[in-house]
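Here is the structure we will look at, set down as structure tokens.
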Protein chains: 2
Amino acid sequence: MKASQFFISTQKEAPADAEVVSHKLMMRAGMIKRLGAGIYNYMPMGLRVIRKVEAIIREEMNRAGAVELLMPVVQPAELWQETGRWDKMGPELLRVKDRHERDFIIQPTSEEVITDIARQELRSYRQLPKNFYHIQTKFRDERRPRFGVMRGREFTMKDAYSFDRDVESAGKSYENMYAAYGRIFDRLGLRYRAVAADTGAIGGDRSHEFQVIAETGEDAIVYCPDSDYAANIELAEAVALLPSRGAATRALEKTATPGRSTCAAVAELLGLPLTQTVKSLVLATDEKNEAGDIVKTTVWLLLLRGDHDLNEVKAGKLPGLKAGFRFATEAEIADHFGCKPGYLGPVGVKKPVKVIADRTVAQMADFVSGANEADFHLTGVNWGRDLPEPDAVADIRNVVEGDPSPDGKGVLAIQRGIEVGHVFYLGTKYSAAMNANYLDENGKPRPMEMGCYGIGVTRIVGAAIEQNHDERGIIWPTSIAPFAVVLCPIGYDRSAEVQAAAQQLHDELSALGVDVLLDDRGERPGAMFADWELIGVPHRVVISDRGLKDGKLEYQGRRDAQATSVTVADVVTLLREKLGA
Amino acid sequence: MKASQFFISTQKEAPADAEVVSHKLMMRAGMIKRLGAGIYNYMPMGLRVIRKVEAIIREEMNRAGAVELLMPVVQPAELWQETGRWDKMGPELLRVKDRHERDFIIQPTSEEVITDIARQELRSYRQLPKNFYHIQTKFRDERRPRFGVMRGREFTMKDAYSFDRDVESAGKSYENMYAAYGRIFDRLGLRYRAVAADTGAIGGDRSHEFQVIAETGEDAIVYCPDSDYAANIELAEAVALLPSRGAATRALEKTATPGRSTCAAVAELLGLPLTQTVKSLVLATDEKNEAGDIVKTTVWLLLLRGDHDLNEVKAGKLPGLKAGFRFATEAEIADHFGCKPGYLGPVGVKKPVKVIADRTVAQMADFVSGANEADFHLTGVNWGRDLPEPDAVADIRNVVEGDPSPDGKGVLAIQRGIEVGHVFYLGTKYSAAMNANYLDENGKPRPMEMGCYGIGVTRIVGAAIEQNHDERGIIWPTSIAPFAVVLCPIGYDRSAEVQAAAQQLHDELSALGVDVLLDDRGERPGAMFADWELIGVPHRVVISDRGLKDGKLEYQGRRDAQATSVTVADVVTLLREKLGA
């Protein structure tokens with residue numbers, strides 16, 4: 001293709017509202033154009049990347065035996081009412097009434113519609129397993145859309161749904177998709193990690209996020225460099241950092257700690273390591289009657305080592321907290337502890353307050369905690385001697401770098417990541433709600449076991465840039481670059497030799513199936529090179545009169561510090577090597 | 001591909017609400033599945049056809065120099081308010097409010113958004129001409145969606161928009177698209193006609209519809225078999241059927257015609273040809289003041305030959321009627337004619353009624369019309385002698401078969417058609433409303449000349465079926481068939497020889513790039529053949545033990561009356577010939 005047949009629109013400056021580098025570079029490279037908050041036009045340059053991402057996803061989904069269909073953007077509310085999501089989903093679900101005042105939604109995902117299809121089409125065990133997918137426009141009415149295509153409102157997603165006869169078969173479908181996702185992200189040329197993720201109310205251990213590694217990522221992902229353990233921070237298991245509880249060696253003492261309401265301040269004052277302190281967090285759970293009035297409130301004291309943070313997802317899985325918890329009010333804290341926050345501790349706490357100690361806290365001896373008296377802490381606190389054993393010991397903290405890996409094979413590291421894919425075992429959540437049954441060998445109706453598998457197509461484009469850029473612009477992996485090769489002729493509009501050489505190389509590469517663009521705009525070299533470095537085309541060939549005199553061209557990879565001279569005769573071979581073709 | 005890796009779901013019966021053959025066959029062949037009124041899931045079999053249609057359109061649009069982008073489904077209301085379409089479009093425009101109560105629409109088309117892009121991106125004459133297109137989901141909230149994908153609410157459309165510096169250049173862009181459309185519909189394998197169409201308020205002669213010929217089409221398309229004249233019925237020019245007005249030969253007489261309120265009944269009673277009668281239609285136009293109150297009503301008498309029909313589009317272009325007209329009420333008719341409808345005529349009609357005669361009527365002599373007295377008609381009516389010349393003579397009728405072609409090169413024929421494409425010169429309608437200006441050589445801002453070019457992707461699928469089917473099912477043109485070739489092995493699940501031969505042929509054809517499906521379901525021949533005839537795959541090869549014994553297979557084209565025996569050695573060559581590969 002020639003630039004004159006395409007549309008190139010680069011900008012020197014990014015708009016002020018572009019917060020992250022991918023958003024800035026996509027705007028500057030003319031890949032997207034804002035239409036409204038979180039709504040973008042995909043300009044020709046951006047659409048080429050999206051289509052390449054889609055093509056790779058499609059090929060690998062087909063290879064994995066999934067079958068493509070297309071479900072509508074506008075979906076009737078009835079199906080969403082059947083599963084209860086019409087009520088459960090908040091304003092994120094864009095709702096619309098048609099001319100007859102009937103309710104519809106603009107789909108954010110398609111579990112309801114695919115389950116509706118499956119309950120009509122998949123009637124017999126002979127038809128299972130089956131996996132349907134589509135690549136379709138989605139809409140989520142985010143409260144605060146931002147980061148360009150990373151958290152937009154309208155976006156493109158591939159969502160697949162598997163239907164199986166039993167849990168075992170569903171597990172195989174899950175593994176099949178997990179493997180396909182690996183092939184997809186490999187082919188996309190991205191550094192990524194598949195991490196175990198929380199399954200929420202569904203339970204079980206079959207949920208993995210595919211995270212593109214990037215310093216700017218919103219998610220913390222935990223992995224063990226010496227094993228294949230990997231999980232997101234919500235799920236990653238934190239083991240006790242002490243093998244067993246030490247013996248008490250110090251007496252319990254009350255110490256004045258005026259104004260020292262944090263563990264760090266207390267440790268500093270007392271000249272003790274932060275790891276010797278215990279922080280106290282107070283939660284509350286409310287029981288309600290059928291009318292929705294609170295009939296009983298329970299207060300919970302959660303204990304964490306001073307340098308650790310609460311993991312609310314883990315806390316939310318504990319008996320008693322599962323139905324939902326909140327942080328206690330200051331009044332509730334004063335009522336149960338006789339003290340303001342900052343000086344709370346487990347010593348002397350009476351029923352009905354329930355005490356939950358993190359695994360590490362449960363092994364600590366001679367520790368420091370608040371004295372339940374303003375401006376005082378206790379030192380030399382020991383379980384059993386100074387206070388009863390906690391009501392429960394549990395993993396309620398976030399892991400930190402250097403924690404032992406829960407598989408016992410090393411220590412954990414943490415990276416930032418951008419979630420671009422998710423495989424999830426759904427069980428019968430939707431099939432049971434919507435009566436999606438098949439008949440087994442005995443003619444008995446059984447709900448289908450389902451899985452869902454999403455990939456954020458447009459988000460991948462942003463994530464790829466977050467991972468691959470420099471101060472000059474984007475650096476595309478070749479497989480999803482808008483063009484694999486750009487030909488930059490110098491003086492295209494005044495040299496017949498340059499024109500002819502550029503045209504010939506363009507035609508030769510095109511004939512080989514190389515996605516090449518010839519920049520025939522006649523721009524000056526500086527502006528032309530800056531454009532293509534901003535746009536991020538991975539391979540560039542410069543054609544100039546000066547070079548041609550010696551039968552030479554200049555090749556430069558987007559990550560190369562400088563250009564390499566190459567003969568006209570060898571350039572195609574060189575490019576094919578570089579492209580791995 | 002093998003059937004077991006795909007999804008085939010055929011039905012014996014079509015649902016009761018399927019009115020047209022394409023809707024019935026698409027439902028029965030498992031190509032679409034209804035989700036709501038006018039909203040369909042495109043099932044795997046249907047999606048394959050849609051993707052092939054899209055690919056052909058995309059290739060030819062690119063070849064014509066158009067550049068693909070993608071504009072959002074959800075679009076902010078502001079742009080639609082800028083052009084006034086927010087108010088002008090009725091409930092067909094699906095409107096939605098986001099969580100912040102801001103107005104959006106679900107796009108039925110994208111003139112506003114592309115003009116918004118153009119006014120920001122196309123600043124200089126050097127950037128023109130430019131043509132952008134996208135293939136995107138559209139929504140039109142039809143009052144009565146029906147005919148499956150032919151008049152659905154959610155549908156896929158390709159819409160392109162050209163931007164030019166002046167009318168002459170815009171004309172070239174228009175011709176370029178017109179030519180591209182010809183290549184697209186040729187490649188789709190459809191019989192079609194490009195017909196001149198009405199340009200409405202835009203004016204000019206640059207509007208063509210691309211109509212797929214089908215007896216079941218909603219549109220009447222007019223053409224001259226002896227020339228290239230073609231227009232839709234709204235536009236097709238009707239010439240006077242009499243070269244000049246004949247002399248009066250009969251006296252004016254009033255005749256009793258009790259109960260004969262139609263021209264046909266009167267002609268029969270009087271023993272005269274219908275072509276001797278004139279029918280009278282009464283229209284009214286209202287002038288309103290700024291408050292919207294009617295301040296003046298004008299009544300119009302339109303005269304047509306008894307066998308002709310009024311063309312409301314033509315009438316709507318006449319001076320005085322342009323701003324909109326309605327049919328007069330019975331009260332208004334009684335008031336101005338002193339008579340009920342059925343017996344009206346032009347003789348004795350007084351100002352302020354305006355009389356408009358069709359071109360043919362203006363040449364008639366000795367004609368019959370109502371006497372403006374119930375149960376009476378006049379015969380031997382003659383212009384000039386019995387009544388003054390009409391206020392205007394105009395083409396206000398639909399052409400009929402056998403009318404002289406307006407280019408004087410023969411007579412007109414009429415076919416039914418389904419509109420699947422439209423090319424339209426927009427002029428500056430949108431660019432002026434939205435200030436989409438470019439700077440010319442002198443730095444002077446000028447509005448861009450625009451054209452818009454639509455193709456109904458999903459509608460093409462329906463139209464192709466309306467044109468190509470028989471009592472057994474669909475007959476796809478090869479270029480858009482879900483599969484070009486189906487291999488039907490007999491006894492696949494019990495004969496190793498059949499399996500091996502089928503597999504080998506499948507692999508060989510696949511390697512040649514032939515879109516082949518191997519039906520490995522193990523269905524019995526009757527059911528299997530019926531499925532593929534219903535689905536409409538154009539080429540079928542049957543592989544059986546009996547045939548293989550003699551080294552033979554059976555080939556049958558979907559339109560062939562019977563199968564042809566072909567050797568295993570020759571089948572690939574035969575298929576390549578049939579496929580034109």
Side-chain angles (χ1 to χ4, degrees), chain A residues 1 4-7 9 30 33 35-37 39-48 50-51 62 65-76 78-79 90-92 94-100 102 104 106 113-114 116-117 120-121 127 130 132 134 136-137 139 141-143 153-154 156, chain B residues 1 4-7 9 30 33 35-37 39-48 50-51 62 65-76 78-79 90-92 94-100 102 104 106 113-114 116-117 120-121 127 130 132 134 136-137 139 141-143 153-154 156:
Chain A
M1 186 182 284
S4 56
Q5 300 163 330
F6 193 59
F7 185 74
S9 172
K33 194 159 189 67
L35 181 61
I39 302 178
Y40 292 90
N41 294 299
Y42 300 116
M43 297 298 285
M45 193 69 80
L47 186 61
R48 284 184 77 86
I50 290 170
R51 294 284 188 236
N62 292 347
V67 182
E68 188 174 7
L69 44 64
L70 190 65
M71 294 175 275
V73 172
V74 179
Q75 302 182 346
E78 286 81 0
L79 294 177
E92 208 172 78
L94 190 62
R95 294 153 213 253
V96 53
K97 280 183 191 296
D98 76 356
R99 66 192 295 154
H100 303 297
R102 281 188 295 244
F104 288 82
I106 309 300
V113 172
I114 198 71
D116 180 54
I117 289 174
Q120 296 173 68
E121 292 286 344
Q127 292 173 283
K130 210 83 217 175
F132 292 114
H134 71 164
Q136 178 61 298
T137 302
F139 200 95
D141 200 358
E142 297 270 356
R143 196 176 57 80
R153 295 201 286 177
E154 183 166 325
T156 303
Chain B
M1 183 179 287
S4 56
Q5 299 161 331
F6 193 60
F7 185 75
S9 172
K33 197 161 184 68
L35 181 60
I39 302 178
Y40 293 89
N41 294 299
Y42 300 117
M43 297 299 285
M45 193 68 79
L47 186 60
R48 286 184 76 86
I50 289 170
R51 293 287 188 236
N62 292 347
V67 182
E68 187 174 8
L69 44 64
L70 190 66
M71 292 175 276
V73 172
V74 179
Q75 303 183 346
E78 285 81 359
L79 294 177
E92 206 172 79
L94 190 62
R95 294 151 214 254
V96 53
K97 280 182 191 296
D98 75 357
R99 64 192 296 154
H100 303 297
R102 281 188 295 245
F104 289 81
I106 309 301
V113 172
I114 198 71
D116 181 54
I117 290 174
Q120 296 174 69
E121 294 286 344
Q127 292 173 284
K130 209 83 216 174
F132 292 115
H134 71 164
Q136 178 62 298
T137 302
F139 200 95
D141 200 358
E142 297 269 357
R143 196 175 58 80
R153 295 202 287 176
E154 183 166 325
T156 303

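Small disclaimer: the values here were computed from a predicted structure and weren't measured. Within every chain, numbering begins at 1; the chains are lettered A, B, ... in the order of the sequence lines, protein sequences first and strands thereafter.
- Interface remark: of the candidates A:M43, A:H100, A:R48, A:M43 forms the most heavy-atom pairs closer than 4.5 Å to chain B.
- Contact tally against chain A (heavy-atom pairs below 4.5 Å) for B:G90, B:S9, B:S4, B:G65: the top residue is B:S9.
- Looking at A:F104 and B:L94, their side chains never come closer than 4.5 Å, going by heavy atoms from C-beta outward.
- Put simply, the side chain of B:Q75 reaches to within 4.5 Å of the side chain of A:L35, judged on heavy atoms.
- Looking at A:K97, the atoms closer than 4.5 Å to chain B (heavy atoms on both sides) all sit in the backbone: N, CA, C or O.
- B:E142 touches chain A through its backbone: at least one of N, CA, C or O sits under 4.5 Å from a heavy atom, while the side chain does not.
- Only the backbone of B:Y40 comes within contact range of chain A, with at least one heavy atom under 4.5 Å from a heavy atom of that chain.
- Interface remark: of the candidates B:V113, B:L79, B:D116, B:V113 forms the most heavy-atom pairs closer than 4.5 Å to chain A.
- Atoms CG and CZ, from B:D98 and A:R143 in turn, are 13.0 Å apart once rounded to the nearest 0.5 Å.
- Contact annotation for B:R51: only side-chain heavy atoms (C-beta onward) come within less than 4.5 Å of a heavy atom of chain A.
- The two residues A:K130 and B:F6 have their closest heavy-atom pair at NZ-O, 2.8 Å.
- With a 4.5 Å cut-off on side-chain heavy atoms, A:T137 and B:Q136 count as touching.
- Counting heavy atoms from C-beta on, the side chains of A:V74 and B:R153 never come closer than 4.5 Å.
- Here A:Q120 is the residue among A:E92, A:R95, A:Q120 with the most heavy-atom pairs under 4.5 Å with chain B.
- Inter-residue side-chain proximity for B:N41 and A:L69 is flagged as unmet; no heavy-atom pair is nearer than 4.5 Å.
- Of all the listed residues (A:M71, A:Q5, A:E68), the one sharing the greatest number of non-hydrogen pairs under 4.5 Å with chain B is A:E68.
- Heavy-atom distances place the side chain of B:F139, and not its backbone, under 4.5 Å from chain A.
- Counting heavy-atom pairs closer than 4.5 Å to chain B, the top-ranked of the candidates A:G46, A:G30, A:P76 is A:P76.
- In this structure, A:M1 and B:N62 have side chains that are not in contact, with every pair of non-hydrogen atoms separated by 4.5 Å or more.
- The contact between B:L70 and chain A is made by backbone and side chain atoms together, counting heavy-atom distances below 4.5 Å.
- Proximity to chain A (any heavy atom under 4.5 Å) is shown, for B:I50, by neither the backbone nor the side chain.
- A heavy-atom distance below 4.5 Å is found between the side chains of A:V73 and B:E154.
- There is no contact between A:H134 and chain B, counting heavy-atom distances below 4.5 Å.
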